[in-house]
There are 2 protein chains.
Amino acid sequence: MFKLSTGFKAGLRALTILAQKGPKTPIPISELTRELSLSDKYLEQLLMALRRAGLVRSVRGANGGFLLAREATKITILDIMTALQGPLAFCDCEAKACGECVRPEIWDALELSMSSSLAMITLYHLASRDPVHVMAQSVVLPDSPVWQDGAGI
Amino acid sequence: MFKLSTGFKAGLRALTILAQKGPKTPIPISELTRELSLSDKYLEQLLMALRRAGLVRSVRGANGGFLLAREATKITILDIMTALQGPLAFCDCEAKACGECVRPEIWDALELSMSSSLAMITLYHLASRDPVHVMAQSVVLPDSPVWQDGAGI
DNA sequence: AATAATCCCAAGTAATCTTATAGGGTATAT
DNA sequence: ATATACCCTATAAGATTACTTGGGATTATT
């Protein structure tokens, strides 16, 4: 479950290159695809999605290309996933009220929990070689009661 | 991103019914599908996956049916998602070493973080009407350095 | 023993989503 | 001017998900 799309992985690798090259010179698609072994047209679509999301900006014309729209420490994994794989939403029913979602408020809680995990890792963490340590993670819920023998809920 | 499959949602609703009816009498598929408006054959496949995962057990023959294999407080969302949507793995490359994954150890950290969130909510939380409070959630990483103007990483 | 209820197993089809390609434009630095 | 590079839309192939179909094995009840 929760597999990353190849589009996301490809876009992320492109962003990593942009982060490593620095925020000064625009990098043309052709240079990115040379390093990534992708077709220009395919990567172009991914970069356009990233641009619409405000993560990269582009310079048109000769010597143009793409660069990060802001520093790598301010671009989170959540930002990138949202741009390339859509928003984090377990169910896209209106106001979480389709008949299929048993307790929508629990989906909300889990989405929030996952979002904050994803928002704490940035493009900097991915593009650098600095060690990463996950220190703690918790979602605290009320204790479940003891199972009543023979009883339902 | 991270949408729940309809199979998962259907299986979860079936589990919710089993939890509410209690652990004594087996509930036949026909009774579950009557409440859920699903075809017997479709729900059957979902229940078989849950059975293979050890979340429900079955009683064959007349008056048979399905019941929870253990108490609802001991069945986590992670268990159910794993059974119905496969294991939580961002990339299914061997040992996280395909050329597409920039920093596999970060995927490991995020998967761990998400797994613990999903493992803290149980079928009891979903099947009951008890209020649920998400109190805290955190993944702590080293601070990102300040962006060096003009420099890459 | 016969019967009806029920779980068990395996394929196969239809619908949907993802991935990737292609063609034709528009803007701009040189 | 012109080459470079971004911008937009359509669509076909492939993979995945959703669902159907057909039959068989097990067991409580009569």
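In what follows, chains carry the letters A, B, and so on, assigned in the order in which the sequence lines appear, proteins first and then strands, with residues in each chain numbered from 1.
Closest to the side chain of S58(A), from the set dC8(C), dC7(D), dA20(C), is dC7(D). When each of dC6(D), dA20(C), dA11(C) is scored by its nearest atom to the side-chain atoms of Q45(B), the top-ranked nucleotide is dA11(C). Distances from the side chain of E44(A) to the nucleotides dC7(D), dA29(C), dT20(D) place dC7(D) closest. Comparing atom distances between the I29(B) side chain and each of dT21(C), dT27(D), dC7(C) picks out dC7(C) as nearest. Nearest to the side-chain atoms of T6(A) among the listed nucleotides dT19(C), dA29(C), dA18(D) stands dT19(C).
Counting non-hydrogen atoms under 4.0 angstrom, R57(A) reaches nothing in the nucleic acid. Residue-level contact check: L38(A) touches neither bases nor backbone, having no heavy atom under 4.0 Å from any strand.
Summarising the geometry, the separation between CG on L46(A) and P on dC8(D) is reported as 15 Å, rounded to the nearest angstrom. In this entry the distance linking CD of E31(B) with C1' of dT6(C) reads 13 Å, nearest Å. Look at NZ on K3(B): it is 14 Å from P on dT17(D), rounded to the nearest Å. Atoms CE (M48(A)) and C1' (dG25(C)) sit 13 Å apart, rounded to a whole Å. One interatomic measurement links the two molecules: CG of D40(B) to C1' of dT21(D), which rounds to 13 Å at whole-angstrom precision. Atom CG in L47(A) sits about 12 Å away from atom C1' in dA5(D), given to the nearest Å. One interatomic measurement links the two molecules: NZ of K41(A) to C1' of dA12(D), which rounds to 17 Å at whole-angstrom precision. The nearest whole Å value for the distance from the CZ atom in R51(A) to the C1' atom in dA5(D) is 13 Å.
Not one side-chain nitrogen or oxygen of S39(A) sits closer than 4.0 Å to the OP1 or OP2 atom of dA20(C). The side chain of N63(A) places no N or O atom within less than 4.0 Å of a non-bridging phosphate oxygen (OP1 or OP2) of dA5(D).
Checked by atom type, the side-chain pair D79(A)/T82(A) shows no donor-acceptor distance below 3.5 Å.
Side-chain N or O atoms of E44(A) include none that pairs as donor or acceptor with a backbone N or O of I29(A) at under 3.5 Å. Without hydrogens or angle criteria, Q20(A) side chain to A127(A) main chain gives a donor-acceptor distance under 3.5 Å. T16(B) contributes a side-chain N or O that, together with a main-chain N or O of L12(B), makes up a donor-acceptor pair within less than 3.5 Å.
Relative ring orientation between F90(B) and W107(B) is described as perpendicular, the plane-to-plane angle rising above 60° on a 0-90° scale split at 30° and 60°.
Not a single donor-acceptor contact under 3.5 angstrom links the side-chain atoms of R60(A) to the base of dT4(D).
Of the two residues contacting DNA chain C, namely S5(A) and G61(A), the nearest-nucleotide position lying further toward the 5' end is that of S5(A). Of the two residues near DNA chain D, A62(A) and R52(A), the one whose nearest nucleotide lies more 5' is A62(A). Mapped onto DNA chain D by nearest heavy atom, S30(A) and G7(B) fall at different nucleotides, with S30(A) at the one closer to the 5' end.
Under the 4.5 Å side-chain criterion, counting only non-hydrogen atoms from C-beta, D40(A) is in contact with S30(A).
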